[in-house]
Amino acid sequence: MKILAIETSCDDTSAAVLDGRVVLSNVTASQDAVHAPFGGVVPELAARRHLETIQDVLRGALDKAATALTAIDAIAVTRGPGLVGSLLVGVSAARGLALGTGLPLVGIHHLEGHALSPLLAREIDFPFLSMVVSGGHSSLYLVRDIGDYEEVASTRDDSAGEAFDKGAKMLGLGYPGGKRIDDLASKGDRRAIAFPRGRVKADPLAMSFSGLKTALWDYLGAHPGEVAIADVCASFQEAIVDVLVARATASMERFGVDRVAVAGGVSANSRLRQRMQEAAPGAVFPPMNLCTDNAAMIAYAAVRRLERGLACDDLEVLSRLPLGRRTSPSPSRAAASPAGASDTTAAAPAGGASAATATARLPVVG
Ligand code: KG4
Ligand code: ZN
């Protein structure tokens, strides 16, 4: 079965061809240069650029796969969550192709694509825990089977990718900044600055990164002029990675699973890969080129759903679309939170920067 998939949920225009579970091609046109001057994705510009590039990207994916449209068996497309204008471009293109060819059309959840994308690197037995850490989302899912997901934890404020991007913006490293922080951090001392590790009193598995962002702002304000940028990047990155590794391992323990996968743009982070492998040997990550948004993961989710005969005929475009059921926080663990922690709070370790400043004064978009 050959699937042609389209992914346009945010700012990457992507198309891919899969033959069964094998990726024949994955072509992605990045919009980084369009959004970089604004320090974050501008929805209207994103939708317009998708319109300009979608045809070339589709043609590129078919050419690279040496596959004619007549050899395709189904068309898959991301229907949400994401930016509505962006999603509509992909869904309209998919509908047009399906109408013209008579091929079946498959609507796929963007986060199901991410959650299953580590399986593109290697098979994992069910159940496993999939941590999706991207620019738009940070959640942990218990994957019991294809189509059977439970969200066991998520962020209360910024996603991990947003934390990287906002940090990079404050440091003048441009957008998106996760990769730049990762590169600079490799030359820095991760113990140089004691940035806070955010905690959520009501839910110990939940993540919070807004206090970390404020702490970086305060640190930069308290050290005008030159800062040792590699040390700042290494310490800032370590604070994010610490939280992600702690939440992943705590969730594995709580749900009794010993297999874990990490996906989404932040899963490309070298320190996160290293720390997760140390904490959970055998942790699986997507191939490096399939961490950020891509159509191969959408095609893959479509293949796995179709193999199981699962429904995927809903093509309604939705900006918000939860994946699976939600687990309520564990009260016993909530009681174990440090005294004094507020509902969403960043507990600063001794010597760390204060996280008390209002985030409203930050000149960041994202
Ligand atoms: O999965 P993705 O393309 O977007 C969403 O679905 O939201 O992820 C993009 C995010 C950006 O925030 C980017 O800074 C981050 O992934 N990212 C990284 C790295 N490469 C990309 N963050 C940390 N380290 C990296 N090496
Ligand atoms: Zn994504």
In terms of hydrophobic clusters joined by side-chain contacts under 4.5 Å, are [X] and [Y] together?
| X | Y | result |
| --- | --- | --- |
| Leu140 | Leu142 | yes |
| Phe128 | Leu272 | no |
| Ile181 | Met276 | yes |
| Phe236 | Leu220 | yes |
| Ile193 | Leu216 | yes |

Please answer whether the main-chain N or O of [Y] pairs with a side-chain N or O of [X] as donor and acceptor at a distance below 3.5 Å.
| X | Y | answer |
| --- | --- | --- |
| Arg197 | Phe195 | yes |
| Asp189 | Asp231 | no |
| Asp12 | Ser14 | no |
| Arg79 | Leu315 | no |
| Ser117 | Pro286 | no |
| His35 | Val42 | yes |
| Glu162 | Ser159 | yes |
| Ser208 | Val200 | no |
| Arg247 | Pro204 | yes |
| Arg122 | Val284 | no |

Looking at every non-hydrogen atom in both residues, tell me the closest pair between [X] and [Y] and how far apart they are.
| X | Y | answer |
| --- | --- | --- |
| Phe38 | Leu45 | CE1-CD1, 3.6 Å |
| Leu120 | Met297 | CD1-CA, 4.1 Å |
| Asn26 | Ala16 | OD1-CB, 3.6 Å |
| Pro127 | Val257 | CG-CG1, 3.9 Å |
| Val17 | Leu62 | CG2-CD2, 4.1 Å |
| Gly177 | Ala168 | CA-CB, 3.4 Å |

Does the distance from a Lys or Arg side-chain N to an Asp or Glu carboxylate O, for [X] and [Y], drop under 4.0 Å?
| X | Y | answer |
| --- | --- | --- |
| Asp183 | Lys179 | yes |
| Arg21 | Glu123 | yes |
| Glu238 | Arg191 | no |
| Asp157 | Lys213 | no |
| Arg271 | Asp242 | no |

From CA spacing to verdict: side chain to side chain contact (heavy atoms under 4.5 Å, CB included), Trp217, Met170: CA-CA 7 Å; Trp217 181 254; Met170 288 183 225; 3.7 Å; yes
Atom [atom1] in [X], atom [atom2] in [Y]: separation rounded to 0.5 Å?
| X | Y | atom1 | atom2 | result |
| --- | --- | --- | --- | --- |
| Leu310 | Ile146 | CG | CD1 | 8.0 Å |
| Ile6 | Thr8 | CD1 | OG1 | 7.5 Å |
| Leu4 | Leu24 | CG | CG | 11.0 Å |
| Asp258 | Glu253 | CG | CD | 12.5 Å |
| Leu58 | Leu97 | CG | CG | 6.0 Å |
| Ser86 | His50 | OG | NE2 | 3.5 Å |

Would Asp313 and Val106 satisfy side chain to side chain contact (heavy atoms under 4.5 Å, CB included), going step by step from the backbone distance to the final call? CA-CA 5 Å; Asp313 50 0; Val106 174; over 6 Å; no
Of all residues at least two apart in sequence or in a different chain, which pass the ring pair (Phe, Tyr, Trp, His ring centres under 6.0 Å) check with Phe255? none
More than 12 foreign heavy atoms under 6.0 Å from CZ of Arg144: is that the case here? yes
Residue Gln277 excluded, over 12 heavy atoms near CD under 6.0 Å: yes
Can you check whether [X] reaches [Y] side chain to side chain, under 4.5 Å on heavy atoms?
| X | Y | result |
| --- | --- | --- |
| Glu44 | Arg49 | no |
| Pro104 | Ile75 | no |
| Ile124 | Leu119 | yes |
| Val84 | Leu88 | yes |
| Asp11 | Val34 | no |
| Thr78 | Leu87 | yes |
| Leu103 | Ile72 | yes |
| Arg199 | Val243 | no |

Working for side chain to side chain contact (heavy atoms under 4.5 Å, CB included), residues Tyr149 and Leu111: CA-CA 10 Å; Tyr149 312 105; Leu111 297 174; over 6 Å; no
Residues in side-chain contact (heavy atoms from CB on, under 4.5 Å) contact with Ser154, at least two apart in sequence or another chain: Ser139, Glu151
Will you find, in the side chains of [X] and [Y], an N or O donor that is under 3.5 Å from an N or O acceptor?
| X | Y | result |
| --- | --- | --- |
| Glu150 | Tyr141 | no |
| Ser9 | His110 | yes |
| Asp182 | Ser270 | yes |

side-chain contact (heavy atoms from CB on, under 4.5 Å) partner of His114, chosen from Thr292, Val132, Val262, Asn294: Val132
Between Met131 and the options Val245, Leu244, Val266, the side-chain contact (heavy atoms from CB on, under 4.5 Å) test singles out Leu244
Side chain to side chain contact (heavy atoms under 4.5 Å, CB included) assessment of Val143 paired with Leu129: CA-CA 6 Å; Val143 181; Leu129 197 78; over 6 Å; no
